[in-house]
**Q** 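Starting off with a structure, shown below.
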Amino acid sequence: MEKILQLPPHIADLIAAGEVVERPASVAKELIENAIDAGAASITVEIQNGGMASIRVSDDGVGIPEEDLATAFLRHATSKLRTAEDLSAIGTLGFRGEALAAIAAVSRLDVFSRSRGRDTGAALSLEGGVPGDVTAAGCPEGTTMVVRDLFFNTPARLKFMKKDSAEGAAVAGVVQHLSLSHPHIAFHFIKDGQSQFRTPGDSQLKNAVYAALGREFALGLLSVRGSGDGIGVEGFVSRPLCGRGNRAMQVFFVNGRFVKSQLLTAALEEAYQNQIMKGRFPGCVLHITLPKDRVDVNVHPAKTVVKFVNDREVFSAVCHVVRDALDAGETPAEREAPAEVRPTAVPKRDFYQQMDVRSFREAHTDRKGAFVTSVPPVASELGGRLTVSDVFRRPGPAGPAAETRPLTVRESVPLPTAETPAAAVAAVAAAVEAVEPPPAKEPAALPLTPPDKEEAKQDTLLPEEPAPWRFAGEVLRTYIVAEDGADVWLIDKHAAHERINFDRLRTHQEPVMVQQLLTPEILRLSAEDAAALSEHLTLLNQFGFEAEDFGGGSLLLRSIPADLDAAMAAETLEEIAQKLRTVGSADGEGARDALLHTMACKAAIKGGWKSDERELTALIGKVQSGEVRYCPHGRPVAVKLTRYEIERMFKRA
Ligand code: ADP
Ligand code: MG
């Protein structure tokens with residue numbers, strides 16, 4: 001980035017002196033916009049008490065050079081605007097060089113920054129705008145700003161603050177809007193230690209919508225793209241049947257900047273005339289682009305007002321483009337769209353504010369599958385406690401014991417915290433060991449009476465426990481390669497795991513382990529699917545889904561089976577519903593079977609997923625014991641490649 005300079009006074013005067021710091025949300029907005037300007041690829045926003053106690057924004061952008069750190073906090077200090085001409089080119093973000101000064105003046109602020117390419121970073125603390133000394137600091141490339149005790153020195157301002165919950169919601173809104181206007185940046189929003197959402201940063205607007213505004217909203221959307229009079233309109237709007245009770249989900253951006261506009265709302269709703277029920281409102285995420293000279297978005301930098309030079313043109317462009325999309329309805333490509341945004345396709349995510357097995361494992365294992373202790377997720381990111389079975393969904397011991405291994409054991413361990421990563425990870429590992437099956441018994445029960453010689457001799461003649469097959473590796477992220485001393489085995493990890501789950505679910509007597517959702521989720525389904533599920537709520541409950549009929553084709557979901565990835569809950573229930581619909585309502589066995597099959601499959605590790613070596617080794621044990629031969633659909637789980645076959649391939653035999 002350019003060197004930071006103070007703007008000459010005449011340029012400073014050209015800029016409307018806007019009050020930047022109104023509330024936590026305005027602080028968050030300025031800090032995030034700075035991070036965006038700094039070229040960040042990922043931005044984490046974390047607030048405590050609605051942002052009143054603290055707002056932390058971390059980015060991986062260019063950073064601020066140590067020698068510029070103090071300058072950045074001077075009024076009208078900016079690296080982004082040099083001349084009066086630049087002003088007319090202000091596109092989306094208002095560069096006025098006063099945000100940091102204004103924020104620092106009313107808070108306790110700490111900044112840590114390391115410029116790209118430099119070995120060390122620097123830190124600076126300011127209290128009420130008064131800077132301390134710049135000191136050297138070890139920190140990652142990029143910038144972290146922590147703003148604490150907002151308005152601590154302006155008690156009059158404090159009085160205007162709403163409840164923490166309202167301030168927090170306003171910050172959430174800011175992060176949502178900036179995520180939606182920057183889908184190429186991965187945003188992570190954490191509130192009071194709970195991860196709220198995480199966008200993938202893969203430049204796909206629909207994925208950002210899915211993450212920031214939720215699955216239920218995202219799945220009810222139609223994509224829109226068109227233009228009129230040189231005004232581009234692009235994004236997503238509600239299908240007419242997915243109207244909402246209020247206008248909270250109408251999100252408009254003009255030239256990349258979030259705006260509130262009655263004109264745009266009216267244009268949108270005009271398009272739904274006679275298509276949407278009275279009292280329902282369409283939702284949308286619409287990006288409107290038009291030449292800069294036909295719009296003034298800099299009316300007030302901290303506000304969301306927009307002035308169009310020609311209102312009529314904008315109204316008709318938006319209305320027509322949206323109406324065309326509604327008329328065209330769903331094209332097959334769009335019908336598939338939700339599948340693409342399914343969380344499985346998106347690596348960085350936290351849609352359900354829940355930790356799931358896979359992301360935990362990925363965060364904790366290196367390329368070879370070994371447990372890593374250096375970068376534990378902080379407890380706050382993982383949303384509290386995690387059960388051991390979440391860490392490793394290990395199959396039970398071989399033999400009959402597997403049948404009785406209770407699924408109900410709820411071994412909770414505290415999550416690794418940032419303070420004691422090594423100790424905490426060790427604790428997780430220890431707890432994993434604790435639920436490990438006991439070592440296999442000696443082959444024969446030794447008689448309690450002193451053995452006579454014959455018996456003792458017989459004892460030694462018993463066949464030795466076969467050596468465990470050796471885990472040789474995994475190929476194509478799907479097949480385990482194992483060696484049994486003589487021959488080589490290829491094991492389909494998903495099929496094997498699915499079989500194990502199936503047998504376990506079929507034989508278990510006790511209620512399954514469940515995970516409570518942080519907030520109950522409302523699932524909107526087709527009327528038929530909802531009815532099919534509602535008919536079997538008790539059965540669903542036995543499998544760990546606590547749900548209730550919410551009316552109007554929706555279901556309120558409170559908990560899901562512990563070994564199901566939370567992000568897959570909705571899709572799993574949809575699949576179950578489809579199967580239940582083909583089963584007669586009197587056919588209890590058929591319904592149970594439908595659940596068994598679906599759950600066995602959904603709770604299994606998937607081909608393509610990264611797996612822990614220990615999990616794979618456990619699967620090998622099951623195959624070796626002969627318990628697992630075919631997947632529940634009858635496909636083989638393991639195939640043997642004999643030494644002879646291999647030698648023949650190399651013309652050795
Ligand atoms: P403006 O953004 O209008 O330039 P600010 O007061 O918000 O003014 O920031 C002042 C300067 O501090 C910026 O111009 C930029 O050089 C630097 N700066 C602020 N935040 C960051 C950041 N997250 N990464 C890199 N530089 C930053
Ligand atoms: Mg700024």
Side-chain angles (χ1 to χ4, degrees), residues 1-8 11-22 25-46 55-84 86-87 89-107 109-118 121-126 129 131 134 137 139-147 174-175 178 181-182 185-188 256-258 297-298 300-303:
M1 211 176 264
E2 298 284 328
K3 189 132 193 76
I4 303 179
L5 297 174
Q6 256 193 295
L7 292 175
I11 294 177
D13 291 345
L14 275 174
I15 300 164
E19 187 60 74
V20 196
V21 192
E22 271 181 336
S26 37
V27 173
K29 177 167 177 284
E30 295 293 339
L31 296 182
I32 298 169
E33 286 181 345
N34 280 345
I36 294 169
D37 295 343
S42 83
I43 300 176
T44 300
V45 182
E46 178 161 14
I55 303 168
R56 171 197 293 264
V57 176
S58 301
D59 67 56
D60 58 357
V62 291
I64 309 173
E66 183 170 349
E67 59 276 16
D68 283 352
L69 204 52
T71 315
F73 290 88
L74 297 177
R75 204 164 150 75
H76 299 309
T78 179
S79 58
K80 302 165 196 169
L81 191 63
R82 301 279 171 198
T83 65
D86 281 353
L87 261 187
I90 291 176
T92 55
L93 308 173
F95 308 138
R96 293 154 303 111
E98 62 185 346
L100 288 185
I103 294 166
V106 293
S107 68
L109 192 151
D110 300 307
V111 53
F112 308 87
S113 192
R114 175 148 74 92
S115 259
R116 269 188 201 155
R118 294 215 184 162
L124 171 65
S125 297
L126 300 97
V134 174
C139 52
E141 275 187 354
T143 304
T144 293
M145 299 251 177
V146 187
V147 173
V174 161
V175 188
L178 289 166
S181 50
H182 300 85
I185 298 176
F187 283 87
H188 186 190
R257 179 179 166 130
F258 172 74
V297 286
N298 205 25
H300 190 303
K303 297 263 156 54

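Note that ligands are numbered from 1 as they come in the structure, with each ligand's atoms numbered from 1 the same way.
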**Q** Considering non-hydrogen atoms only, spot the tightest contact between Arg116 and Ala38 and give its length.
**A** NH2-O, 4.3 Å

**Q** Grab the two heavy atoms, one from Ser113 and one from Leu69, that are nearest each other, plus how far apart they are.
**A** CB-CD1, 4.4 Å

**Q** Output yes when a side-chain donor or acceptor of Asp59 lies under 3.5 Å from a complementary backbone atom of Thr143, and no otherwise.
**A** yes

**Q** Which heavy-atom pair separates Phe187 from Leu178 by the least distance, and what is that distance?
**A** CE1-O, 3.7 Å

**Q** Show me which atoms of ligand 1 lie under 4.0 Å from any heavy atom of Ile64.
**A** 18 (N), 21 (C), 25 (C), 26 (N), 27 (C)

**Q** Using distance alone, determine whether Ala99 and ligand 1 share an N or O pair under 3.5 Å.
**A** yes

**Q** Asp37 to ligand 1: N or O pair under 3.5 Å?
**A** no

**Q** Is there side-chain contact between Glu30 and Val57, with heavy atoms separated by less than 4.5 Å?
**A** no

**Q** Between Asp59 and ligand 1, which part of the residue brings a heavy atom under 4.0 Å of the ligand: side chain, backbone, both or neither?
**A** side chain

**Q** Determine the minimum heavy-atom distance between Cys139 and Gly121, stating which atoms define it.
**A** SG-CA, 3.9 Å

**Q** Considering the heavy atoms of Ala38, write down every atom of ligand 1 situated less than 4.0 Å from one of them.
**A** 24 (N), 25 (C)

**Q** Counting from 1, what ligand 1 atoms have a heavy atom of Ala72 closer than 4.0 Å?
**A** 10 (C), 12 (O)

**Q** Of Thr143, Val62, Ile43, which has the heavy atom at the shortest distance from atom 22 (C) of ligand 1?
**A** Thr143

**Q** Do the non-hydrogen side-chain atoms of Leu100 and Leu31 ever get within less than 4.5 Å of each other?
**A** yes

**Q** Could you list which atoms of ligand 1 come closer than 4.0 Å to a heavy atom of Gly63?
**A** 25 (C)

**Q** So for ligand 1, is Glu30 a polar contact partner (N or O within less than 3.5 Å, distance only)?
**A** no

**Q** Taking distance alone, with N or O pairs closer than 3.5 Å, would you say Leu100 contacts ligand 1?
**A** yes

